[in-house]
Amino acid sequence: MSLSLGLSMASSTIHCYSPTSSSYRRTTVVARNSSIKPRLPPLNPKDPFLSKLASIASTSPEKLLNRPVDSDTPPYLDLFDSPTLMATPATVERSVSYNEHRPRRPPPDLPSLLLHGRIVYLGMPLVPAVTELIIAELMYLQWMDPKEPIYLYINSTGTTRDDGESVGMETEGFAIYDAMMQLKNEIHTVGVGAAIGHACLLLAAGAKGKRFMMPHAKAMIQQPRVPSSGLMTGSDVLIRAKEVIINKDTLVELLSKHTENSVETVTQVMRRPFYMDSTKAKEFGVIDKILWRGQEKIMADAAPPEAWDKNAGIKSLDAM
């Protein structure tokens with residue numbers, strides 16, 4: 001179907017474009033009466049191109065009659081100051097109803113969502129990048145509210161890997177410990193998975209009565225290890241060894257303080273890796289309670305010791 005204009009003039013040549021052909025063709029229109037004004041084409045009121053073309057045909061028909069012969073330019077587009085046949089996708093305004101369910105910004109990552117609930121999760125060995133993140137989160141939560149408690153979940157092998165190889169300096173664990181001690185907030189610690197070495201110290205450093213452990217979690221305390229010496233000289237190796245002994249003594253003192261055991265007891269059990277399940281960790285003083293679902297109801301329904309003695313027929317010495 002070709003686009004054509006029925007113009008009644010003496011004789012004119014009009015360029016018409018046929019969709020079935022890739023080129024333009026010229027059509028000669030011979031008019032019977034040159035005094036008759038051009039006849040307007042069928043007009044679609046919603047079509048801005050045809051509206052503009054019809055307006056020019058009725059007011060200035062010479063612009064349509066004296067057309068330059070140029071097959072490379074689509075006809076009549078030069079009549080517009082800035083012709084636009086179709087809007088590009090970038091300029092099309094999106095429908096509000098279509099996009100109203102989409103988030104206006106990317107969703108936060110999972111640690112940020114946990115941080116919103118005042119939860120800090122330590123789930124990696126204590127390397128500098130992890131230490132930086134944990135301390136920053138603790139300081140941020142204190143800035144947000146210095147009175148609300150902070151929940152620190154621990155599943156870490158400390159400054160070593162599970163095979164015992166050192167991955168970080170002992171000062172990484174001491175840095176997090178000092179940050180916990182400086183905070184105004186009460187820190188509740190929860191052991192999940194494993195708390196080994198300095199991670200066990202962080203578990204025991206929680207607020208008294210607010211140190212918890214999952215039923216099947218493990219805790220372990222061990223002596224600090226000497227990092228790989230490589231091609232160090234004998235003097236440098238001796239300096240490293242002295243530093244490790246100092247870190248060991250500091251670790252023993254802190255564990256003794258938070259577990260309420262003597263320094264000799266902690267030193268004795270730390271000669272070799274000392275593993276503890278949740279029950280043994282509670283007995284040793286690393287934690288205060290073991291978390292498992294339903295324990296609150298069972299403990300609430302349990303009768304007090306006096307009721308057990310009365311039901312068993314046992315009388316106290318004061319009553320006799």
Side-chain angles (χ1 to χ4, degrees), residues 121-127 130-131 134 152-181 187-229 237-292 295:
Y121 179 62
L122 173 59
M124 295 182 65
L126 299 180
V127 296
V130 175
T131 303
I134 297 300
L152 177 61
Y153 285 73
I154 301 174
N155 180 22
S156 173
T157 58
T159 56
T160 62
R161 296 192 312 188
D162 53 356
D163 58 358
E165 182 180 354
S166 297
V167 294
M169 299 182 63
E170 305 297 325
T171 51
E172 304 296 337
F174 292 140
I176 298 179
Y177 172 82
D178 291 339
M180 293 172 60
M181 296 297 102
I187 300 181
H188 301 185
T189 55
V190 182
V192 293
I196 298 176
H198 276 266
C200 185
L201 171 63
L202 301 181
L203 177 62
K208 201 66 176 178
K210 304 296 183 180
R211 303 173 302 174
F212 308 98
M213 201 169 179
M214 294 297 181
H216 300 97
K218 296 288 184 179
M220 189 263 277
I221 54 177
Q222 62 181 354
Q223 297 187 37
R225 299 178 180 270
V226 180
S228 177
S229 57
V237 172
L238 181 60
I239 294 174
R240 285 280 187 96
K242 290 181 179 179
E243 182 64 20
V244 171
I245 293 176
I246 293 175
N247 291 335
K248 174 202 169 185
D249 295 339
T250 303
L251 182 61
V252 168
E253 292 178 1
L254 295 177
L255 284 173
S256 174
K257 170 185 175 182
H258 292 286
T259 60
E260 298 182 355
N261 290 300
S262 63
V263 174
E264 293 76 12
T265 301
V266 177
T267 304
Q268 179 68 24
V269 300
M270 277 184 60
R271 290 183 176 179
R272 302 299 297 171
F274 182 63
Y275 285 90
M276 296 171 283
D277 58 11
S278 57
T279 303
K280 188 178 292 187
K282 182 179 179 181
E283 294 174 355
F284 194 75
V286 176
I287 62 171
D288 303 304
K289 296 179 182 180
I290 302 173
L291 290 180
W292 49 281
Q295 65 177 354

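Keep in mind that the numbers below use all heavy atoms, side chains included, and drop hydrogens, waters and symmetry copies. By convention here, the first residue in the shown sequence is residue 1.
Judged purely by distance below 3.5 Å, without hydrogens or angles, the side chains of E172 and T159 never pair a donor atom with an acceptor atom.
With rounding to the nearest 0.5 Å, the separation of CE in M181 from CD1 in I187 is 6.5 Å. Taken to the nearest 0.5 Å, the CD1 atom of I196 stands 14.0 Å off from the CG atom of L201. Distance check, rounded to the nearest 0.5 Å: CD of Q268 to OG1 of T265 gives 8.5 Å. Rounded to the nearest 0.5 Å, atoms CE (M213) and NZ (K218) are 8.0 Å apart.
Side chains of I176 and M180 form a contact here, defined as non-hydrogen atoms less than 4.5 Å apart. Side-chain contact between T250 and E170 is absent, with no heavy atoms from C-beta onward closer than 4.5 Å. You'll find the side chain of L255 stays beyond 4.5 Å of the side chain of N261, heavy atoms only. Between L202 and Y177, some side-chain heavy-atom pair lies under the 4.5 Å cut-off.
R211 places no side-chain N or O within donor-acceptor distance of the main-chain N or O of G191, the cut-off being under 3.5 Å. Although no hydrogens or angles enter the test, the distance criterion places a donor-acceptor pair under 3.5 Å between the side chain of T189 and the main chain of L203. Proximity of a side-chain donor or acceptor of S156 to a complementary backbone N or O of G123 within less than 3.5 Å is not detected. Put simply, the side chain of N155 gets close to the backbone of A194: a donor and an acceptor are under 3.5 Å apart. The backbone N or O of F174 sits nowhere less than 3.5 Å from a side-chain atom of T171 that would complete a donor-acceptor pair.
Crowding of K242 atom NZ: a count of heavy atoms from other residues, nucleotides or ligands under 6.0 Å not exceeding 12. Counting heavy-atom neighbours within 6.0 Å of M169 CE, excluding the residue itself, gives a total of 12 or less.
Note on ring orientation: taking the six-membered ring where Trp is involved, the planes of F274 and F284 are tilted (angle from 30° to 60°).
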